[in-house]
Amino acid sequence: MSVRQQDRAEALGRMPPIRWVRRSLLIAGVSVALFAAGIGGYWGVLQYQGNLHAVSAGVLYRSAQLNPSETRSAVGRYHIKSVLNLRGAHQGQAWYDGEIAAARELGLAHYDYPLSAKRFVTHQQIEQILAIIREAPKPLLIHCRSGSDRSGLVAALYRFLERGESAVEADRELSLVYGHFPYLTSRSGAMDDSFWAFVHDTGHDTAK
């Protein structure tokens, strides 16, 4: 141990317990704040870019809420033929009316299915969503507001059931890579609970 390290250790040893606890809490608080800031910055970049990703290239894509210009760009780049909106129909709201107008302009089939990122999704709801995915013209774009939680759940279910991937592999759609952060005060863990409950209910092997 160097002289500096020894002096520091002795200083900490002489520090009153309450002061030491306060200092430790301060350090922990700063660390959490820096981590949260980093996550927030990354999430902001995802939203700016539309959080658009391929789930199965040429078949299924996922994104955040896209404006009409971004929708046109996605159609041009990925040849999208249909859109599944997981926010539900909201006539009269600018984002929804713009989406419907863009779908009509581009000749896209459009589907609405309301989900909440904070509420458990039942087996029946999952079957209804998968039925839409099966019948929709491909490539299909699914989206919610941020493209992180509801879209992640549906993408994971698609990979698990339709592509036959293991639950562990499919669950990667519900990850920080796409902005899914079910910790601290977030209630989006309902998406993870919904996915794994469905996996266990179906009795599939979770790690093929």
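Heads up: numbering here begins at 1 and tracks the sequence.
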Donor on one side chain, acceptor on other, Glu99 and Gln65, under 3.5 Å: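 Checked: Glu99/Gln65 side chains pair up, N/O donor to acceptor below 3.5 Å.
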
Under a plain distance cut-off of 3.5 Å, with no hydrogens placed, do Asp112 and Tyr96 share a side-chain donor-acceptor pair?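 Indeed, the side chains of Tyr96 and Asp112 share at least one donor-acceptor pair under 3.5 Å.
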
For a side-chain contact (heavy atoms from CB on, under 4.5 Å) check, start with the C-alpha distance between Arg62 and Leu141, then their side-chain angles and the critical distance, and finish with the verdict. CA-CA 6 Å; Arg62 57 179 289 181; Leu141 172 67; 5.7 Å; no

Do the rings of Trp95 and His90 sit parallel, tilted or perpendicular, given the 30° and 60° boundaries?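 The arrangement is tilted - the two ring planes meet at 30° to 60°.
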
What is the ring orientation for Trp196 with His200, classed by angle as parallel under 30°, tilted 30 to 60°, or perpendicular over 60°?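 Because their plane-to-plane angle lies in the 30° to 60° range, the rings of Trp196 and His200 count as tilted.
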
Ring centre gap for His53 and Tyr178 strictly below 6.0 Å: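 Yes, the ring of His53 comes within the 6.0 Å limit of the ring of Tyr178, centre to centre.
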
Step-by-step side-chain contact (heavy atoms from CB on, under 4.5 Å) determination, Ser82 to Leu140: CA-CA 5 Å; Ser82 59; Leu140 166 65; 3.2 Å; yes

So do the side chains of Asp97 and Ile100 get within less than 4.5 Å of each other, counting heavy atoms only?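 Asp97 does not reach Ile100 side chain to side chain.
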
Do Ile129 and Leu115 touch side chain to side chain, with heavy atoms closer than 4.5 Å?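 Yes, at least one pair of side-chain atoms sits under 4.5 Å.
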
Salt bridge or not for Arg159 and Glu173, using N-O below 4.0 Å?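 Counted as a salt bridge, because a side-chain N and a carboxylate O are separated by less than 4.0 Å.
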
Mark yes when over 12 heavy atoms from residues, nucleotides or ligands other than Arg134 sit less than 6.0 Å from its CZ; otherwise mark no.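 Yes, CZ of Arg134 has more than 12 neighbouring heavy atoms, counting only those of other groups under 6.0 Å.
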
Would you name the heavy atoms of Glu165 and Phe160 that are closest together and state the gap between them?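 Closest pair (atom of Glu165, atom of Phe160, distance): O-CD1, 3.4 Å.
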
So, does Thr202 use its side chain to make a donor-acceptor pair with the main chain of Val199 at under 3.5 Å?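 At least one qualifying donor-acceptor pair exists.
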
All ring pair (Phe, Tyr, Trp, His ring centres under 6.0 Å) counterparts of Tyr111, not counting sequence neighbours: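 If we apply the ring pair (Phe, Tyr, Trp, His ring centres under 6.0 Å) test to Tyr111, skipping adjacent residues, there are no hits.
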
